[in-house]
Amino acid sequence: MIDRLRNWGCNVEEALERFVNDKELYCTCFNMFFADTTFEQLKESVKAGDCKAAFEACHTLKGVGGNLSAGPLYQAICELTERLRAQNMENAEEYVEKILKLRDEVQQLLAG
């Protein structure tokens, strides 16, 4: 799993420093990230046009994704977080689709 994450674009070495080189804990936390209901909260908030709730959900995902050094997924989350921070909801649904696609992509990669 570690090599797959690295090859997908995650900075595994940086993340493992945060996890005191506990690869099992890192992998467990990464898998828990996929199941985080905050992804759905983000999607629903954006769909409802609730910028404040969308920002809060996205910011939460940014924190977890950053701790995991989640590569392209983290970058997409950061982009949307900054747009929402500026109260810019333009194209937010497209950003959410991209985030969910990347989440699903890495989840499939790890399952496969």
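Below, each value reflects all heavy atoms present in this structure, side chains not excepted, and no hydrogens, waters or symmetry copies.
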Sequence neighbours left out, what pairs pass ring-ring contact (aromatic ring centres under 6.0 Å, His included) with at least one residue falling in residues 57-112?
->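 Those involving residues 57-112 are Phe55-His59.
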I need the [X] [atom1] to [Y] [atom2] distance, nearest 0.5 Å.
X: Leu110; Y: Phe34; atom1: CG; atom2: CZ; result: 5.0 Å
X: Gln108; Y: Arg4; atom1: CD; atom2: CZ; result: 11.5 Å
X: Asn67; Y: Glu14; atom1: CG; atom2: CD; result: 9.5 Å
X: Leu80; Y: Cys58; atom1: CG; atom2: SG; result: 4.0 Å
X: Asn7; Y: Ile2; atom1: CG; atom2: CD1; result: 11.5 Å

Which residues share a side-chain hydrogen bond (donor to acceptor under 3.5 Å, both in side chains) with Glu79, sequence neighbours left out =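 For Glu79 there are no side-chain hydrogen bond (donor to acceptor under 3.5 Å, both in side chains) partners, ignoring immediate neighbours.
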With sequence neighbours left out, what residues match Arg6 under salt bridge (Lys or Arg N to Asp or Glu O under 4.0 Å)?
->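 Arg6 satisfies salt bridge (Lys or Arg N to Asp or Glu O under 4.0 Å) with Asp3, Glu13 once adjacent residues are dropped.
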Counterpart residues, salt bridge (Lys or Arg N to Asp or Glu O under 4.0 Å), relative to Lys62 (two or more places apart) |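 Partners of Lys62 under the salt bridge (Lys or Arg N to Asp or Glu O under 4.0 Å) test: Glu82.
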Evaluate the side-chain proximity of [Y] to [X]: yes if any heavy-atom separation is below 4.5 Å, no if none is.
X: Cys29; Y: Leu68; result: yes
X: Glu105; Y: Trp8; result: yes
X: Ser69; Y: Val12; result: no
X: Phe33; Y: Leu61; result: yes

What about Leu102 and Met32, same hydrophobic cluster or not, with Ile/Leu/Val/Met/Phe/Trp/Tyr joined at side-chain heavy-atom distances under 4.5 Å?
->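 No, Leu102 and Met32 fall in different hydrophobic clusters.
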Would you name the heavy atoms of Arg18 and Gly66 that are closest together and state the gap between them?
->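 For Arg18 versus Gly66, the nearest heavy atoms are NH1-O, 3.5 Å.
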Provide the closest heavy-atom pair for Leu73 versus Ile99 in the form atom of the first, atom of the second, distance.
->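 Closest approach of Leu73 to Ile99: CD1-O, 3.4 Å.
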Does the pair Lys52 and Glu56 meet the rule for a salt bridge (Lys or Arg N to Asp or Glu O under 4.0 Å), with working shown?
-> CA-CA 6 Å; Lys52 182 177 188 263; Glu56 289 172 4; 3.2 Å; yes
Name all pairs fulfilling the salt bridge (charged side-chain N to carboxylate O under 4.0 Å, His left out) condition that reach into residues 19-35, sequence neighbours left out, sorted by first residue then second.
->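 Matches after skipping sequence neighbours: none remain.
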Flag, side chain of Arg83 to backbone of Asn88, donor-acceptor distance under 3.5 Å =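 Side chain of Arg83 to backbone of Asn88: no pair is present.
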For residues 38-45, which side-chain donor-acceptor pairs fall under 3.5 Å, sequence neighbours excluded?
unit_1 : atom_1 : unit_2 : atom_2 : d
Thr38  : OG1    : Asp36  : OD1    : 2.6
Ser45  : OG     : Gln41  : O      : 2.8

